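Bear in mind the structure is a predicted one, so any value in this text is a computation, not a measurement. The chains referred to below are lettered A, B, ... by the order of the sequence lines, with proteins before strands, and numbering in each begins at 1.
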Amino acid sequence: MIHNKLPKIWYGGDYNPEQWDDETMTEDLRMFKLADIDVATVNVFSWAKIQPNEETYDFAELDRIIDRLHGDGIAVCLATSTGAHPAWMAKRYPDVTRVDYEGRKRKFGGRHNSCPSSPAYRKYSQLIAGKLAERYKDHPALVAWHISNEYGGYCYCDNCAEAFQAWLQKRYSTIEQLNKAWYTSFWGHTFYDWDEIVPPNALSEEWGGNRTNFQSISLDYRRFQSDALLDCYLIEYKEIRKYSPDIQITTNMMGTYPELDYFKWAKHMDVISWDNYPSIDTPVSYTAMTHALMRGLKSGQPFMLMEQTPSQQNWQAYNALKRPGVMRLWSYQAVAHGADTVMFFQLRRSIGACEKYHGAVIEHVGHEHTRVFRECAELGRELTQLQDKLLDSRIDAKAAIVFDWENRWAVELSSGPSIALKYVDEVHKYYDALFELNVQTDMISVEEQLDQYDLVIAPVMYMIKPGFAEKVEAFVARGGTFITTFFSGIVNENDLVTTGGYPGKLRKVLGIWAEEIDALLPGQQNQIVMKKVDGALSGTYTCSLLCDLIHSEGAEVVAEYGSDFYKGMPAVTVNKFGEGEAWYIASSPDQHFLQSLIANICKDKGIEPLLVTPSGVEVTRRSKDGKAYTFVLNHNADEAEVDLGAQPRPELLSGEVVSGVYQLAAKGVMIIEG
Amino acid sequence: MIHNKLPKIWYGGDYNPEQWDDETMTEDLRMFKLADIDVATVNVFSWAKIQPNEETYDFAELDRIIDRLHGDGIAVCLATSTGAHPAWMAKRYPDVTRVDYEGRKRKFGGRHNSCPSSPAYRKYSQLIAGKLAERYKDHPALVAWHISNEYGGYCYCDNCAEAFQAWLQKRYSTIEQLNKAWYTSFWGHTFYDWDEIVPPNALSEEWGGNRTNFQSISLDYRRFQSDALLDCYLIEYKEIRKYSPDIQITTNMMGTYPELDYFKWAKHMDVISWDNYPSIDTPVSYTAMTHALMRGLKSGQPFMLMEQTPSQQNWQAYNALKRPGVMRLWSYQAVAHGADTVMFFQLRRSIGACEKYHGAVIEHVGHEHTRVFRECAELGRELTQLQDKLLDSRIDAKAAIVFDWENRWAVELSSGPSIALKYVDEVHKYYDALFELNVQTDMISVEEQLDQYDLVIAPVMYMIKPGFAEKVEAFVARGGTFITTFFSGIVNENDLVTTGGYPGKLRKVLGIWAEEIDALLPGQQNQIVMKKVDGALSGTYTCSLLCDLIHSEGAEVVAEYGSDFYKGMPAVTVNKFGEGEAWYIASSPDQHFLQSLIANICKDKGIEPLLVTPSGVEVTRRSKDGKAYTFVLNHNADEAEVDLGAQPRPELLSGEVVSGVYQLAAKGVMIIEG
Amino acid sequence: MIHNKLPKIWYGGDYNPEQWDDETMTEDLRMFKLADIDVATVNVFSWAKIQPNEETYDFAELDRIIDRLHGDGIAVCLATSTGAHPAWMAKRYPDVTRVDYEGRKRKFGGRHNSCPSSPAYRKYSQLIAGKLAERYKDHPALVAWHISNEYGGYCYCDNCAEAFQAWLQKRYSTIEQLNKAWYTSFWGHTFYDWDEIVPPNALSEEWGGNRTNFQSISLDYRRFQSDALLDCYLIEYKEIRKYSPDIQITTNMMGTYPELDYFKWAKHMDVISWDNYPSIDTPVSYTAMTHALMRGLKSGQPFMLMEQTPSQQNWQAYNALKRPGVMRLWSYQAVAHGADTVMFFQLRRSIGACEKYHGAVIEHVGHEHTRVFRECAELGRELTQLQDKLLDSRIDAKAAIVFDWENRWAVELSSGPSIALKYVDEVHKYYDALFELNVQTDMISVEEQLDQYDLVIAPVMYMIKPGFAEKVEAFVARGGTFITTFFSGIVNENDLVTTGGYPGKLRKVLGIWAEEIDALLPGQQNQIVMKKVDGALSGTYTCSLLCDLIHSEGAEVVAEYGSDFYKGMPAVTVNKFGEGEAWYIASSPDQHFLQSLIANICKDKGIEPLLVTPSGVEVTRRSKDGKAYTFVLNHNADEAEVDLGAQPRPELLSGEVVSGVYQLAAKGVMIIEG
């Protein structure tokens with residue numbers, strides 16, 4: 001990450017002064033100072049203002065905004081404004097609007113509204129990106145480029161159909177190869193020409209958003225649309241790079257957003273940035289997992305927290321306020337997991353349109369005497385005081401969880417065994433178990449090297465891409481511990497089943513065969529019965545969702561099912577393989593079982609908690625130049641007792657030296673150095 | 001109201017003899033006599049019969065129907081038949097059918113099916129209205145004109161798009177003004193030409209019916225569609241007036257129907273008429289409120305009950321029969337609130353199509369020996385016996401509730417704070433509190449004069465139109481009591497936030513500042529804790545939905561929140577302002593609190609109940625020529641004890657003289673004179 | 001049924017070797033032998049493979065498949081492959097794809113995807129059927145023709161609109177007749193020309209799939225679409241018959257599938273075949289009823305069980321495994337009700353597309369050492385051992401239930417009285433009562449002769465077609481017992497109400513008049529109070545859904561309502577009529593009442609249970625050549641005690657001789673001869 005111009009955790013956020021007058025901006029700048037705000041993301045949605053028609057560009061207002069910000073010492077994260085095309089463009093070049101999942105040609109409106117295959121959109125977005133880069137490349141305020149905004153949404157228009165056909169030709173070379181990969185002998189789908197292929201949506205193969213007749217077609221369309229939007233990003237990226245060789249370029253991501261393969265995108269980004277919008281009832285371990293995933297996109301490189309709300313959101317069903325201290329706590333949670341910026345949407349509230357009830361540092365009342373502003377200003381002061389201590393520090397994890405967007409698509413497109421199977425939820429169950437233990441955990445792609453870890457968990461690893469099984473075998477053989485679950489090892493990268501017995505290519509390392517997969521009705525349960533006492537584990541637990549009916553082929557049976565006709569069949573197994581071991585969890589267990597199991601395994605493998613804390617107190621550690629920074633975050637509504645160990649160490653936020661048993665306030669945060 | 005020809009409460013309803021043979025009509029006329037029926041609404045859906053093609057009109061059947069009715073002493077409410085266009089018209093002039101919310105061009109079918117901007121529809125509806133007026137203007141049976149039927153539904157076609165652009169030009173004059181009013185600098189929506197503007201529907205700015213990206217655009221489209229349908233009405237109105245200068249003209253409304261601004265429509269109607277279709281589980285106070293609203297459309301002028309069912313409906317999910325006595329009770333409830341007619345849909349049941357299981361005076365069995373007919377005939381006898389006593393009598397109310405369709409649109413289009421906020425439900429909570437007290441209450445528009453009232457309540461007065469805040473201030477200054485709630489005073493007529501602190505223009509009169517608005521999850525509650533005992537109020541109540549976090553700026557704090565981080569902040573305040581006081585209810589309280597609060601306020605202000613009765617016994621009073629008519633309506637399933645006071649007075653339905661404690665039968669009705 | 005080539009219960013199913021290589025097929029054939037499989041349905045979805053373009057046909061692969069099967073002694077059920085058209089056809093002839101209910105033109109994708117009015121589809125499906133018939137007519141493996149696959153789905157395109165207009169002209173001759181039948185004087189729908197008529201869908205008269213403004217239009221469109229698909233079937237049927245005069249022709253049906261009038265289709269089928277896919281929570285009596293319905297399509301003729309899954313399905317929400325023994329039990333349940341084949345979808349699992357997780361005899365593991373294969377092989381052995389004993393045996397029933405698809409359409413299209421009324425569920429309630437008694441019951445059409453039965457039940461006989469009422473009267477007059485329910489006798493075949501009092505044409509035989517119909521809210525109940533003790537019946541039961549308010553016109557009142565304003569009115573009546581009696585059940589009773597009532601009636605009429613068994617033990621009997629075969633099926637999860645009677649008789653599956661009290665294993669089956 002390039003931090004040459006702001007040697008501290010950036011603090012600021014989205015700022016849209018084109019929506020109000022100069023006087024108001026003067027007031028904003030006064031208040032930014034009060035809050036130690038030092039960065040503003042501008043020009044996110046100004047395309048229609050900057051370019052009133054095909055020929056004309058007018059940068060006067062943007063010049064003034066950037067200059068005024070710079071004049072007050074505010075750095076600029078400069079967006080390219082291509083997140084929403086102008087109305088005149090939609091009128092003149094109808095190809096810029098999308099055809100939606102239902103097959104309806106959209107008109108001008110909303111945002112995320114441009115067809116990624118539109119010639120007009122591609123032409124004009126390239127042009128505007130170039131114009132901006134050329135004009136502002138040397139502006140002293142500039143610290144980052146922000147391309148478009150929250151890419152997402154698919155299109156199903158004829159231009160996309162053609163582009164899809166070309167994408168397929170590149171992937172499969174011959175129509176015969178495609179017929180094989182798509183298994184078109186099923187339901188008489190054999191294609192004889194590329195132009196017989198239509199996008200899979202509600203008019204053809206799909207319904208309900210993720211139900212499909214042909215998993216391979218739908219999978220490829222997701223790959224294609226993710227690539228097509230990535231192409232749009234790259235068109236702008238390359239254009240900016242022509243003029244601005246050194247300034248980092250990013251686009252803001254959305255955590256576990258389903259539609260884009262972020263691991264593939266990350267390869268083309270200088271720095272990851274993302275927008276964190278948990279609901280009031282989102283588990284904190286889910287947010288933690290998402291931060292870890294964003295950090296994992298570029299193998300542990302720190303990321304930007306590009307957006308979060310100072311208080312409430314507007315687009316949820318019930319938009320609760322962030323309780324006092326929560327904004328600060330969640331900001332530090334981001335930093336604790338690798339963020340090097342803390343940025344808000346938005347610095348001042350709009351007075352019109354759909355986001356006017358979204359929280360902002362400066363609220364509609366317009367002055368600094370609000371709870372929200374006071375909390376923001378207090379955090380600003382703290383971040384200034386932290387200086388560059390944490391910048392570019394890294395997280396050292398011995399445990400990793402594999403996450404894969406293509407696997408996710410395949411799992412959720414599957415027809416059977418159960419619509420209740422949600423990939424991200426199953427992943428989160430395992431992350432949560434490690435989170436409760438305060439074990440540092442990376443979220444990694446299937447392409448990541450495994451040897452840096454002691455424990456690798458791949459929940460519902462349904463799709464096994466070429467080389468992955470071999471990598472797992474090597475990892476385990478060399479002493480690693482691998483855990484996977486039911487409904488794993490079933491298909492290849494085209495969603496074609498690996499015959500010869502589930503879990504296919506993982507069967508050898510796991511030492512089991514899954515003969516059948518039973519789907520349980522909602523509310524229905526089976527039991528996991530431990531065969532013997534094993535550390536924290538003994539007796540009987542519950543499981544649900546799916547039950548693989550497995551046979552050991554060498555694996556030790558750790559637990560059995562407790563009821564139904566497969567009572568007594570293995571529910572949990574572990575297989576010695578080389579120096580390591582490979583676990584199979586044949587059903588979706590209750591969280592109590594999972595935490596105990598993971599605790600046992602970590603203990604066996606010497607993977608230590610950073611600290612042992614009460615539930616709801618999160619601990620992470622970032623390190624840099626031989627120094628460790630331990631974050632202790634109390635997510636509880638009450639004070640919590642934390643044992644910090646005998647060694648007295650400085651706590652950076654309070655300036656105190658701490659040790660021993662400590663009473664951490666509700667929503668309280670500590671960053672302990674050393 | 002023009003009653004020259006029928007000097008009594010009209011009794012009758014929709015009648016469609018074009019659906020059956022002359023013999024059946026003879027039987028109908030015989031039975032009408034048995035039930036004292038004296039008015040029939042005809043020709044509601046006969047356009048296709050009367051006009052078989054562009055050039056031909058054939059009134060022979062309608063002539064015969066009207067003459068036969070007249071011959072039997074039945075007056076005629078004559079509809080213009082434009083509620084559904086003919087099939088030949090849809091085939092020949094496809095512009096008459098609508099484009100729906102999803103952007104789909106509709107084909108012939110259903111009703112409410114004509115595009116309000118369609119040149120063909122406008123041309124031919126004007127023509128048919130003129131032909132009818134010319135032909136029947138002097139028919140002795142004619143007592144009212146009934147234009148179209150239950151106007152409603154929006155269209156999103158290209159003709160509407162163009163008409164919308166023209167409507168906008170008229171409203172905003174320049175595109176710059178429009179950009180400002182619509183806040184188009186948000187999300188890059190700046191328009192440079194009127195023809196870039198498209199109707200907001202599921203293809204552009206909206207989804208889900210009332211979710212939108214741009215509140216101002218969606219608000220204006222609702223205004224425009226309401227106006228466009230009103231134009232259609234006015235085209236017919238003016239055409240009829242050319243020929244028929246004296247006969248009253250109406251169109252039947254639908255109570256709290258969301259899509260049309262009925263206050264604006266009412267200005268162009270000679271008399272309000274409406275169709276009352278409560279479900280078996282609709283609160284009786286809701287029906288009462290709706291009658292009051294219909295009465296309020298023309299500032300208290302009596303209205304026509306144009307439709308109700310004698311027994312069951314057909315279009316609800318579960319169509320329960322009206323229990324014995326309920327049809328009579330609800331008929332008198334209408335009269336009690338200002339109706340001068342009691343009319344049914346329908347006098348005889350159809351035998352085909354979708355309304356054949358809708359109740360009728362004459363059922364499929366075809367004779368008079370049914371429970372339903374007997375109840376109808378009994379009511380007919382009573383109405384005849386009442387003569388003209390109640391006609392044109394008025395209701396005198398000291399309390400009023402403000403209702404505003406544009407405010408309703410804005411509230412329900414809002415993105416945040418909570419999808420659970422339903423404007424009409426919040427209004428109903430306050431109406432219900434007054435209803436339980438038997439305090440006469442008007443439902444008034446924001447344009448109504450307030451000085452005739454002692455108490456004015458404006459629940460969720462989110463949108464403050466020009467002049468309204470000043471009117472409230474003057475009303476309170478002169479001694480009035482004003483009540484408003486959370487989420488009030490936020491925006492102007494274009495849904496742009498009034499900056500400087502909520503509740504904006506109402507802040508001064510209320511003496512408070514609302515800093516934040518918390519949205520509660522479903523089932524979540526806070527508490528309203530009284531600061532002291534106040535009449536019926538003491539201790540702790542519950543509230544939910546939204547909690548404004550307010551600060552007193554001079555207002556007395558009557559109650560505080562009982563929990564969460566804003567425990568102890570004001571929940572209910574009252575501000576002395578001039579001679580009067582202004583209350584702010586910062587959350588949505590439980591009904592027990594609200595009834596006690598309103599009872600306290602009414603008592604303080606000398607607003608007396610008409611009678612004190614058990615719950616479920618409704619009391620209203622109409623007055624005329626110095627005489628008062630008190631309606632006592634027992635909605636309970638059991639007999640109720642009512643104290644009528646010492647003064648013996650005549651009861652019009654029984655002919656008895658009543659006084660003192662009276663046992664009113666279940667579903668029983670009294671009309672006490674004097 | 002033609003059994004010349006396979007003198008036993010056929011055993012096999014759908015087989016798609018075009019999806020894999022020859023080596024795999026070799027393995028399949030080896031395993032078929034292990035399972036005694038002797039029939040394979042092939043070529044179901046191979047159109048695109050066999051016909052790569054307009055001019056070319058290539059049968060090489062199909063030749064090889066059929067020859068190899070024959071070589072291994074496997075008979076062939078040869079499909080025509082027209083269940084899904086090729087992609088090239090959709091590209092070249094867009095008329096082959098449908099316009100859906102929402103009015104959207106579909107693209108290539110899925111199956112059931114051909115417009116039944118498409119000239120191209122009709123032309124090419126005729127051609128391919130002819131080519132196949134010509135080529136394979138004399139192949140020694142051929143035992144049946146299987147046209148298309150699971151016909152279903154409606155189209156709303158312009159070709160269908162035109163065909164609908166022509167169909168209507170044929171039905172009604174004049175537009176005046178149509179206007180009358182459709183009751184178009186309602187809502188101004190009078191048509192002057194056939195081409196003004198548009199298909200009723202979401203763009204015109206309907207919404208939500210089965211809600212409509214005009215019941216008669218929607219009813220006729222269902223008739224038309226059922227006929228149009230039947231025409232497609234007949235085009236192929238006739239083409240095949242040209243070449244193949246003796247081989248039986250079928251198409252696979254889907255039980256109570258709503259969209260096609262199977263009784264009309266059955267007239268054109270040589271043998272009924274159907275696909276049985278109960279869920280894990282489908283009542284076994286529902287499956288039994290469906291088998292009886294399929295048997296009733298051709299008046300008792302044995303049918304083919306064309307498809308069932310060996311274990312789990314893939315397309316349900318939660319796809320549970322069939323528990324051990326269940327596949328065998330349900331296979332014998334089919335045979336017990338008249339099936340002469342036991343066939344699976346599918347013999348081997350696909351490895352791609354949406355059915356890859358559908359159960360198969362040969363699973364993905366590919367070998368015979370699976371629970372599922374073992375169960376299939378065991379059943380195969382048993383079926384071989386049964387030889388031809390059961391073939392073409394018949395079921396003798398004294399009780400019958402009337403089922404009518406047109407009545408079903410009319411009931412479910414009705415606007416009012418209750419959306420909760422589901423025709424098939426009401427029918428099932430009565431079937432279930434007889435099922436619990438082990439009384440053999442036929443499911444018959446309204447055209448069936450009634451005199452062969454002692455008891456005929458017609459639940460919710462809403463639509464009375466010409467002649468039906470007279471047939472019922474004759475049946476009862478001659479001594480039969482007839483039972484019908486609430487909401488019966490209301491309309492004629494065009495959904496026009498029979499005036500003069502419900503239940504219209506059934507009023508005389510029932511001796512009652514239904515004055516009103518009350519709809520109860522969900523969860524609301526009334527009571528059925530017995531007027532005296534009658535066999536198993538006494539005291540009070542519950543009822544719900546709808547309550548007809550009836551008056552006896554000669555019928556004896558057996559029970560009365562227990563509450564509400566119609567307390568004391570008749571709830572159950574019986575009318576002596578000639579030698580017989582006619583019952584009216586005025587509401588939807590609880591199952592306990594219904595079972596007792598039906599038990600009483602059966603006892604009175606001498607309709608004997610086959611055996612008296614514990615609940616969940618089903619008994620049926622097939623007879624042939626003077627021999628009876630009694631099936632005893634234990635659907636319970638536990639062993640059941642069954643009294644087989646004193647007479648020792650051979651049990652065919654075990655080979656034992658059985659008598660007296662017998663312990664039948666959980667999921668156990670007996671077939672007792674004699």
Side-chain angles (χ1 to χ4, degrees), chain A residues 16 18-20 24 44-50 52-53 81 83-88 90-91 97 100 102 104-111 113 280-281 311-321 323-324 349-359 363-367 369-372, chain B residues 102-104 180-193 195-207 211-217 413-420 490-491 494-502 513 515-522 524 549 564-566:
Chain A
N16 304 296
E18 68 280 8
Q19 294 179 12
W20 43 83
T24 306
V44 178
F45 286 111
S46 307
W47 197 355
K49 284 213 150 184
I50 288 173
N53 56 51
S81 82
H85 54 245
W88 62 255
K91 184 181 79 175
T97 62
D100 71 11
E102 307 294 325
R104 303 175 302 191
K105 173 68 177 171
R106 294 189 63 79
K107 302 188 173 184
F108 177 73
R111 52 176 229 200
N113 51 8
I280 195 171
D281 50 3
S311 181
Q312 73 197 138
Q313 296 167 51
N314 72 287
W315 47 266
Q316 297 191 350
Y318 312 96
N319 297 281
L321 300 169
R323 270 48 197 156
R349 281 200 191 199
S350 315
I351 66 162
C354 71
E355 292 185 342
K356 61 181 174 293
Y357 301 119
H358 195 287
E363 305 231 33
H364 285 141
V365 71
H367 59 53
H369 307 297
T370 65
R371 176 182 74 93
V372 167
Chain B
E102 308 295 325
R104 303 174 302 190
K180 205 174 153 188
W182 282 6
Y183 207 71
T184 57
S185 51
F186 180 79
W187 281 6
H189 265 51
T190 307
F191 295 103
Y192 292 97
D193 203 344
D195 72 356
E196 291 164 17
I197 296 164
V198 298
N201 69 357
L203 299 187
S204 52
E205 300 296 357
E206 297 195 15
W207 66 100
R211 305 282 86 201
T212 183
N213 294 308
F214 273 80
Q215 280 66 29
S216 307
I217 302 179
L413 287 166
S414 179
S415 177
S418 172
I419 60 163
I490 311 282
V491 297
N494 293 319
D495 199 61
L496 295 178
V497 171
T498 302
T499 52
Y502 314 138
W513 167 44
E515 181 181 343
E516 301 183 71
I517 307 170
D518 193 28
L520 277 59
L521 296 176
Q524 198 186 342
L549 274 54
D564 218 320
F565 76 94
Y566 41 91

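Interface residue A:Lys356: only side-chain heavy atoms are found under 4.5 Å from chain B. If you measure heavy-atom distances from A:Glu102 to chain B, you find no contacts under 4.5 Å at all. Looking at B:Leu549, the atoms closer than 4.5 Å to chain A (heavy atoms on both sides) all sit in the side chain, from C-beta outward. Within the 4.5 angstrom heavy-atom criterion, no atom of B:Ala181 approaches chain A. Contacts between B:Phe186 and chain A at a heavy-atom distance below 4.5 Å involve backbone atoms as well as side-chain atoms. With a 4.5 angstrom heavy-atom cutoff, B:Asp195 touches chain A via backbone and side-chain atoms both. A:Ser81 does not touch chain B: none of its heavy atoms, backbone or side chain, sits under 4.5 Å away. Contact of B:Ser414 with chain A is made through the side chain alone, with heavy-atom distances under 4.5 Å.
Counting only distance, with no hydrogens or angles, the side chain of B:Asp518 and the backbone of A:Leu321 share a donor-acceptor pair below 3.5 Å. Judged by distance alone, the side chain of B:Tyr183 and the main-chain N or O of A:Ile351 form a donor-acceptor pair under 3.5 Å. The backbone N or O of A:Arg371 sits less than 3.5 Å from a side-chain atom of B:Glu515, completing a donor-acceptor pair. With A:Gln312 contributing its side chain and B:Ile517 its backbone, the two residues share a donor-acceptor pair below 3.5 Å.
The line from OH of B:Tyr502 to CD of A:Glu363 is 6.5 Å long, rounded to the nearest 0.5 Å. The CD1 atom of B:Ile490 sits 5.5 Å away from the OH atom of A:Tyr357 when rounded to the nearest 0.5 Å. B:Asn213 contributes atom CG, which lies 9.0 Å from atom CD of A:Glu355 (distance to the nearest 0.5 angstrom). Remark: A:Asn113 CG to B:Ser204 OG distance equals 11.0 Å, nearest 0.5 Å.
Closest of all the heavy-atom pairs between A:Gly110 and B:Trp187 is C-CE3, 4.1 Å.
Not counting sequence neighbours, the partners of A:Pro86 by the side chain to side chain contact (heavy atoms under 4.5 Å, CB included) test are A:Trp47, A:Ala48, A:Trp88, A:Met89. When the side chain to side chain donor-acceptor pair (under 3.5 Å) test is applied to B:Thr212, the partners found at least two apart in sequence or on another chain are B:Ser218.
Between chain B and the options A:Asn16, A:Asn314, A:Ile280, A:Asp281, heavy-atom pairs under 4.5 Å are most frequent for A:Asn314. Taking chain B as the reference chain and counting heavy-atom pairs below 4.5 Å, the highest number among A:Ala353, A:Ala87, A:Ala90 is found for A:Ala353.
In this structure, B:His189 has its ring center no closer than 6.0 Å to that of A:Phe45.
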